[in-house]
Amino acid sequence: MTATEEKRADTEVQAAGESVQPKPEQPNPGQPATMTMTLIQAVNEGMRGELRRDPRVLVFGEDVGARGGVFLATAGLQAEFGERRVFDTPLSEGAIVGAAVGMAVRGLRPIAEIQFADYIGPGFDQLTSQAAKLRYRSGGQFTCPLVIRTPSGGGVKGGHHHSQSPEAYYCHTPGLKVVMPSTPYDALGLLRAAVRGEDPVMFFEPKRLYRAAKGEVPTADYVVELGRAAVRQQGSDISLIGYGGVMPDLQKAAEALAAEGVSAEVIDLRSLVPWDRETVMASAAKTGRVVLVSEAPRIGNFMGEVASSIQEEVFDSLLAPVLQVAGFDTPYPYVQDRIYLPGAGRILNAAVKVLNY
Amino acid sequence: MTATEEKRADTEVQAAGESVQPKPEQPNPGQPATMTMTLIQAVNEGMRGELRRDPRVLVFGEDVGARGGVFLATAGLQAEFGERRVFDTPLSEGAIVGAAVGMAVRGLRPIAEIQFADYIGPGFDQLTSQAAKLRYRSGGQFTCPLVIRTPSGGGVKGGHHHSQSPEAYYCHTPGLKVVMPSTPYDALGLLRAAVRGEDPVMFFEPKRLYRAAKGEVPTADYVVELGRAAVRQQGSDISLIGYGGVMPDLQKAAEALAAEGVSAEVIDLRSLVPWDRETVMASAAKTGRVVLVSEAPRIGNFMGEVASSIQEEVFDSLLAPVLQVAGFDTPYPYVQDRIYLPGAGRILNAAVKVLNY
Amino acid sequence: MLEAFPTQPFQVILEDGHLRPGATFDQTPAQLRELWQSMTLVREFDRKLVTLLRQGRTTFYAQASGMEATQIGIARGLRPGHDWVWGYYRDQGIALGLGLSLTDVVAQMVGSNNDLNKGRQMPHHSGSVASRFVSGSSSIASQVPPAVGMAMAQSYLGLDEVTVCTFGDGATSEGDWHAGINMAAVKNAPCLLICENNQWAISTPVERQTRSESIHIKAQAYGMPGYFVDGNDVLAVQQAVKELADGMRNGGGPALLECLTYRVGSHSNADADAEKNYRSREQVRGWTDRDPITRFEKFLALQGQEIGSQERADFVALIHRQIEGAVQQAESSGIPGWQSMLDDVYSDTPVHLRRSYEALRQEQSGQAMQVQEGA
Amino acid sequence: MLEAFPTQPFQVILEDGHLRPGATFDQTPAQLRELWQSMTLVREFDRKLVTLLRQGRTTFYAQASGMEATQIGIARGLRPGHDWVWGYYRDQGIALGLGLSLTDVVAQMVGSNNDLNKGRQMPHHSGSVASRFVSGSSSIASQVPPAVGMAMAQSYLGLDEVTVCTFGDGATSEGDWHAGINMAAVKNAPCLLICENNQWAISTPVERQTRSESIHIKAQAYGMPGYFVDGNDVLAVQQAVKELADGMRNGGGPALLECLTYRVGSHSNADADAEKNYRSREQVRGWTDRDPITRFEKFLALQGQEIGSQERADFVALIHRQIEGAVQQAESSGIPGWQSMLDDVYSDTPVHLRRSYEALRQEQSGQAMQVQEGA
Ligand SMILES: Cc1ncc(C[n+]2csc(CCOP(=O)(O)OP(=O)(O)O)c2C)c(N)n1
Ligand SMILES: Cc1ncc(C[n+]2csc(CCOP(=O)(O)OP(=O)(O)O)c2C)c(N)n1
Ligand SMILES: [Mg+2]
Ligand SMILES: [Mg+2]
């Protein structure tokens with residue numbers, strides 16, 4: 001290629017690039033300061049806002065267009081932004097994840113939906129071989145900022161292919177970031193941070209909280225930085241740490257403990273990779289008693305890393321072993337859906353064990 | 001179908017089934033009691049023996065036929081058993097794993113090779129959705145006893161797609177059993193147990209030990225039961241626990257400790273799912289000091305589960321935190337291959353930290 | 001002899017119920033009536049189960065309505081209990097056609113103690129080893145490579161069985177669909193791969209699933225014959241399946257068969273409200289006008305074997321009674337207890353599951369504390 | 001105009017070097033010479049690198065010998081630095097053809113400090129953002145869906161770029177190959193999918209990879225045109241690629257292009273000994289007789305532009321000197337240190353990597369104990 005050609009090529013791309021630059025988020029003076037919404041509304045709002053703000057953002061996946069997604073997370077988006085920006089794909093998770101990688105390399109900001117976390121499997125190689133490693137393997141020459149959104153977790157009596165919590169697979173894949181909000185506030189803030197960030201992010205949405213989790217959300221633009229846990233309740237006697245769908249159970253267990261005069265600190269990790277070691281260690285060091293809660297099968301779940309790290313780091317402060325409450329090491333069952341899930345009772349039991357140690 | 005048809009159908013299948021029943025292993029009186037072999041020879045022998053013993057056993061994968069596999073693990077098998085029983089497949093891990101599932105349901109005992117553990121990705125959904133769950137989801141009506149053999153781990157300067165240690169993904173998948181031998185004895189014994197068992201087994205072979213690990217192996221038939229660790233060296237001051245390619249480093253660290261008068265117990269897990277809690281807990285309780293070694297990336301690796309379990313179970317016996325020596329949370333590097341891997345020095349350092357705690 | 005890669009789907013019965021000129025059939029009048037009964041069973045099963053769902057007695061339902069000729073045609077083209085089927089969630093018609101009892105299928109839908117799968121899967125995942133109908137996975141197209149592997153085993157063992165693998169039009173986009181079919185071709189495995197092309201995958205029409213002119217033409221990518229039948233013509237489907245399966249028994253290789261039909265119900269009850277957003281009532285009506293059961297009834301009438309209105313009413317009433325009986329049987333058999341949750345993960349019970357068992361035993365027997373649950 | 005689904009591969013130059021009757025070409029004599037030089041560069045790169053490997057100065061090598069016309073034809077059919085290429089490990093010819101310097105490609109093979117990829121991958125994984133040649137993954141066919149996604153982005157952005165995705169014959173069996181191509185067709189993405197059919201995938205011949213009569217016919221499964229060129233004819237490849245790419249620039253959809261060629265070297269140095277177990281020397285010899293560079297030289301001679309033996313010798317010597325220079329440059333630039341191992345995992349450095357950095361810093365600065373390493 002001659003120098004002139006090179007110049008021309010660059011200019012063309014830049015021109016194309018310019019036409020798709022993000023606009024700064026505009027404050028809207030007429031708006032109230034907060035709005036009440038459910039977790040799924042927050043996800044929907046998050047995508048809508050990013051689609052408005054940044055023409056590089058595209059939303060796609062199976063049935064996300066006219067259908068609005070099987071949970072309606074993308075409802076109304078195609079109507080507002082058209083089929084070029086919000087579209088259905090063929091039924092192939094490999095194609096969906098892989099396409100997101102290629103788009104991101106060419107400067108777009110894809111948000112891809114995988115219909116259920118249980119169906120990432122066919123896209124696993126794209127995630128682990130392409131998305132996770134592109135920046136590293138190219139020495140930073142190529143990057144793929146993208147978001148894979150997917151409903152995960154149990155409690156909807158969906159059997160094992162509509163209930164699994166596979167986040168540990170992706171936490172164990174360096175190069176991917178992994179988050180799981182449990183509140184509308186976090187869902188919106190983390191989604192914005194993920195879309196605006198420069199890395200591939202697995203965005204797990206605890207489906208049983210889609211409508212159950214309701215809350216106030218600022219109307220002004222904000223982000224929730226990846227890697228920061230939320231202390232949901234301060235406490236001094238014991239730390240209950242979880243993320244995703246189990247959070248309401250942690251809160252319930254904390255209330256039951258409060259009724260017995262026990263002051264529990266409740267921490268929502270929100271972000272798994274990276275995870276907030278500082279907040280967790282401070283809490284563990286303070287209370288000396290920790291219960292970790294996750295609904296994923298116990299062996300190899302993400303809390304293994306947290307437990308291992310806590311005892312490595314604040315061993316001397318521990319007054320009792322760090323206990324895990326987790327899913328069972330079985331495929332996710334159907335009829336015993338509720339027995340499988342941790343639940344407040346099981347958390348409370350673990351807490352009592354730790355307290356009486 | 002009429003009753004007669006049913007009867008006939010059954011008889012046919014039984015007849016076909018009978019013709020492929022395993023023969024009992026015959027002792028060979030002329031043979032010496034043991035033979036020296038490398039780990040890869042043991043794997044090769046294991047397959048040869050099972051192919052001889054049981055006509056239901058088939059061996060297949062990419063380039064396992066005339067080529068004998070890229071590491072020569074299947075060398076000579078096609079020549080001895082023919083193309084019906086030892087054959088090449090198209091380049092598709094999904095097809096390989098999936099075909100193994102279907103064969104196993106119909107009564108065969110497939111041993112499928114995935115050329116490198118880094119390439120299981122395209123077969124991930126077959127493993128997690130089909131192989132792992134078939135028995136459970138069918139209430140035990142359908143089962144798929146199969147073995148997926150694959151070279152794994154680093155140390156061969158192969159870059160990230162010829163060096164990864166992805167076993168934690170499969171340990172976190174209930175329904176799969178997972179093993180990783182580090183000696184020829186275990187490779188042969190575990191392979192036999194895997195082939196003769198009734199469950200899907202992921203059989204990881206630490207490729208850097210393929211020729212480096214040499215040892216005596218009985219010529220008589222034996223198996224190494226899944227779920228039993230091997231205490232490689234008894235000790236009283238500290239427990240060094242690992243599996244796979246890092247085992248020689250554990251031994252080296254133990255020797256260095258011995259030179260300083262420290263008695264280290266060295267444990268090779270061999271089997272990850274199920275893992276030998278009894279042996280591990282007994283050792284941890286005895287020494288009170290534990291170092292866990294794995295070359296997989298730290299976050300979410302299998303040792304997280306072991307660390308979490310140890311402190312849960314023998315908390316009061318622990319004199320120091322359980323430390324992990326692990327791979328880094330990066331894609332497996334190329335030029336820094338040797339820096340990435342744990343190695344005896346890093347293990348020794350951790351041991352000293354634990355001892356001086 | 002079925003023709004590969006035809007431009008028009010193979011038909012035996014024309015839309016108006018007449019026998020296609022040149023077409024033949026060899027079913028006895030009793031066999032023809034049985035076909036009608038089986039299709040009607042599938043249709044009424046849908047109706048009844050939708051009612052039960054509304055009553056809260058099941059949790060999920062996906063109709064096969066409109067696809068009865070395809071599913072019964074497949075089942076009747078095979079040797080039940082001899083040939084194997086790896087189907088998918090919408091295959092209740094094949095399951096019933098292969099001889100799973102109403103009790104079996106209903107128990108699976110309820111997840112009750114008498115479910116052959118022990119209540120381990122959501123509705124629509126029947127399986128029966130006696131009927132050689134494999135309990136499926138929800139993961140679309142994941143049945144294809146295993147079905148091919150099974151066919152490879154059959155050929156290795158020298159059995160005269162075939163394996164049928166069914167899937168929807170949407171499934172053809174998945175990587176494993178391709179991986180499996182390619183393997184079948186290369187290994188010449190006696191696997192009959194059948195696409196139940198009902199033209200929709202939830203909200204995605206087949207034209208946006210693939211740009212190929214048809215599904216069966218995809219067989220060319222594998223050097224395999226592709227066949228095309230009218231999936232609303234039960235005799236065409238049965239004949240095609242039988243001819244292809246018998247060819248495989250005699251050493252023939254795999255084939256891809258496309259049955260063109262239509263999903264007249266919603267994707268599932270979860271989709272019923274949303275459906276209006278993606279397809280027109282006119283399109284659906286166009287296909288209800290081409291109802292496979294109505295067409296077969298016209299054919300029977302033209303053959304002098306009309307289904308009388310009393311006969312129909314009696315048969316429908318019988319089915320509903322039987323289903324009601326099956327539901328009651330399922331309900332009264334109870335739901336698998338917590339112990340069952342830990343069984344069948346492996347052939348044995350490894351230590352970690354024994355520990356879980358012990359922990360759950362304590363919890364469930366009330367030795368552990370309880371917290372008030374519920375939203 | 002290239003014809004879709006031809007029975008014979010498209011040729012411009014016949015085996016004996018004559019222009020095919022009816023064929024045309026528009027290259028200037030200088031451009032023709034450049035093609036010869038580029039192909040010769042690729043050939044000599046193989047020779048020299050094999051030598052370096054024997055000398056222990058690299059660790060792994062996979063020859064493209066025999067495939068030079070395909071790879072240079074592809075590169076010369078594109079607008080380098082403008083169009084994008086997602087290639088695979090054997091594409092050193094495309095990399096060099098697109099303008100990666102010998103220094104770049106050699107540095108990647110060595111994993112030295114001047115490697116654009118920072119020594120992060122084994123040899124054969126070059127990448128250069130300036131040349132729009134994407135650093136690849138070893139995972140076969142995994143480049144296909146990303147390449148398609150990139151083409152979707154280009155069409156969304158209204159750019160007149162195309163994305164070329166190359167892969168081997170073996171790659172066509174992978175699920176992601178299918179998933180990606182199907183997506184390209186449905187989305188009408190300007191992606192040119194090129195199979196470098198060298199007839200072997202390690203020890204597996206293409207006939208046991210697929211039973212389809214060719215690779216390009218697989219395009220029918222996607223409703224996409226399939227083209228077929230003689231991959232040992234550099235003018236044919238260049239013309240085909242240019243015509244197809246230009247068609248895509250003007251709004252055309254994707255296409256599958258098969259270049260029929262042959263891998264005359266072993267799969268890689270790791271395969272050199274084993275090769276005799278799976279393919280005959282006769283087969284290899286049959287194809288060395290059809291050498292693409294020799295054919296092009298005959299063509300040049302017939303066009304009155306013969307490559308003189310002195311010219312050839314000088315050019316070869318020049319290349320070897322340049323490669324030697326590149327190797328020395330790589331070697332003297334050193335190897336990335338331990339710090340680099342922890343960079344570029346993310347755009348930022350999360351706490352766990354900061355901790356690793358600190359731990360390694362201590363260890364590498366000798367603050368940690370050392371154990372004697374080595375077998
Ligand atoms: C791997 C995977 N991805 C997504 C889904 C979610 N899903 C369930 S049914 C369906 C549509 C399937 O359509 P088709 O194959 O045509 O079958 P049909 O429902 O029309 O009978 C989808 C996307 C799934 N079950 N598995
Ligand atoms: C997913 C995956 N499986 C297996 C391999 C191992 N492998 C490396 S090259 C190769 C053969 C590839 O053949 P082909 O695609 O024809 O390319 P060629 O080497 O002939 O250029 C295989 C099986 C791999 N790299 N990736
Ligand atoms: Mg469909
Ligand atoms: Mg090849």
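When reading the values below, keep in mind they use all heavy atoms of this one structure, side chains included, and skip hydrogens, waters and symmetry mates. Remember, predicted model here, so these are calculated numbers, not experimental data. To find a chain, count down the sequence lines: A is the first, B the second, and so on, and within it residues start at 1.
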Report the C-alpha distance between B:Lys177 and C:Asp348 in whole Å, list the side-chain angles of each, state the deciding distance to 0.1 Å, and finish with yes or no for side chain to side chain contact (heavy atoms under 4.5 Å, CB included). CA-CA 11 Å; B:Lys177 291 184 173 175; C:Asp348 54 2; 3.0 Å; yes
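- Interface residue C:Asp343: only backbone heavy atoms are found under 4.5 Å from chain B.
- If you measure heavy-atom distances from B:Val273 to chain C, the contacts under 4.5 Å come from the side chain alone.
- At least one donor-acceptor pair under 3.5 Å links the side chain of B:Tyr136 to the backbone N or O of C:Met341.
- Looking at B:Pro145, there are no atoms closer than 4.5 Å to chain C (heavy atoms on both sides), in backbone or side chain.
- Proximity to chain B (any heavy atom under 4.5 Å) is shown, for C:Met122, by neither the backbone nor the side chain.
- By the neighbour-count criterion of 12 heavy atoms within 6.0 Å, atom CD of C:Glu34 is densely surrounded, having more than that number from other residues, nucleotides or ligands.
- You'll find the side chain of B:Met103 stays beyond 4.5 Å of the side chain of C:Tyr156, heavy atoms only.
- Considering only heavy atoms from C-beta on, C:Leu157 comes within 4.5 Å of B:Leu108 through its side chain.
- In this structure, chain C has a heavy atom under 4.5 Å from the side chain of B:Gln130, while its backbone stays farther away.
- Across B:Pro174 and C:Val345, no two heavy atoms sit closer than the pair C-CG1, 4.2 Å.
- The two residues B:Ala95 and C:Ala179 come nearest to each other via the heavy atoms CB-O, 3.5 Å.
- Neither the backbone nor the side chain of B:Leu91 comes within less than 4.5 Å of any heavy atom of chain C.
- A donor-acceptor contact closer than 3.5 angstrom is absent between the side chains of B:Asp125 and C:Ser142.
- No side-chain donor-acceptor contact under 3.5 Å links B:Arg106 to the backbone of C:Gln154.
- If you measure heavy-atom distances from B:Ser129 to chain C, the contacts under 4.5 Å come from both the backbone and the side chain.
- A pairwise comparison of heavy atoms in B:Gln126 and C:Asp176 identifies NE2-OD2, 2.9 Å as the closest pair.
- Counting all heavy atoms, side chain and backbone alike, B:Trp275 lies closest to C:Val351 at O-CG1, 3.8 Å.
- For the pair B:Arg137 (side chain) and C:Ser135 (backbone), a donor-acceptor distance under 3.5 Å is present.
- Taking a 6.0 Å sphere around CD of B:Glu83, one finds it holds 12 or fewer heavy atoms contributed by other residues, nucleotides or ligands.
- Within the model, atoms CG of C:Asp344 and NZ of B:Lys133 stand 14.5 Å from one another, a figure rounded to the nearest 0.5 Å.
- Using a distance-only test at 3.5 Å, with no hydrogens or angles considered, no donor-acceptor pair links the side chain of B:Arg277 to the main chain of C:His352.
- In this structure, chain B has no heavy atom under 4.5 Å from any part of C:Val148.
- Note: B:Arg84 leads B:Glu198, B:Glu93, B:Arg84 in heavy-atom pairs under 4.5 Å with chain C.
- For the pair B:Asp199 (side chain) and C:Ser347 (backbone), a donor-acceptor distance under 3.5 Å is present.
- Within the 3.5 Å criterion, the main-chain N or O of B:Leu176 finds a donor-acceptor partner in the side chain of C:Tyr346.
- Here the CZ atom belonging to C:Arg132 is positioned 9.5 Å from the CZ atom belonging to B:Phe142, to the nearest 0.5 angstrom.
- Here the NE2-OG distance, from C:His178 to B:Ser92, works out to 7.5 Å after rounding to the nearest 0.5 Å.
- The shortest non-hydrogen separation linking B:Ser138 to C:Asn117 is CA-OD1, 3.3 Å.
- Contact record, B:Gln141 with C:Gly127: NE2-O, 3.1 Å, taken as the closest heavy-atom pair.
- B:Asp88 has no carboxylate O lying under 4.0 Å from a charged side-chain N of C:Lys187, or vice versa, which leaves the two without a salt bridge.
- Annotation: maximal heavy-atom pairing with chain B below 4.5 Å, among C:His125, C:Met152, C:Gln108, occurs at C:Met152.
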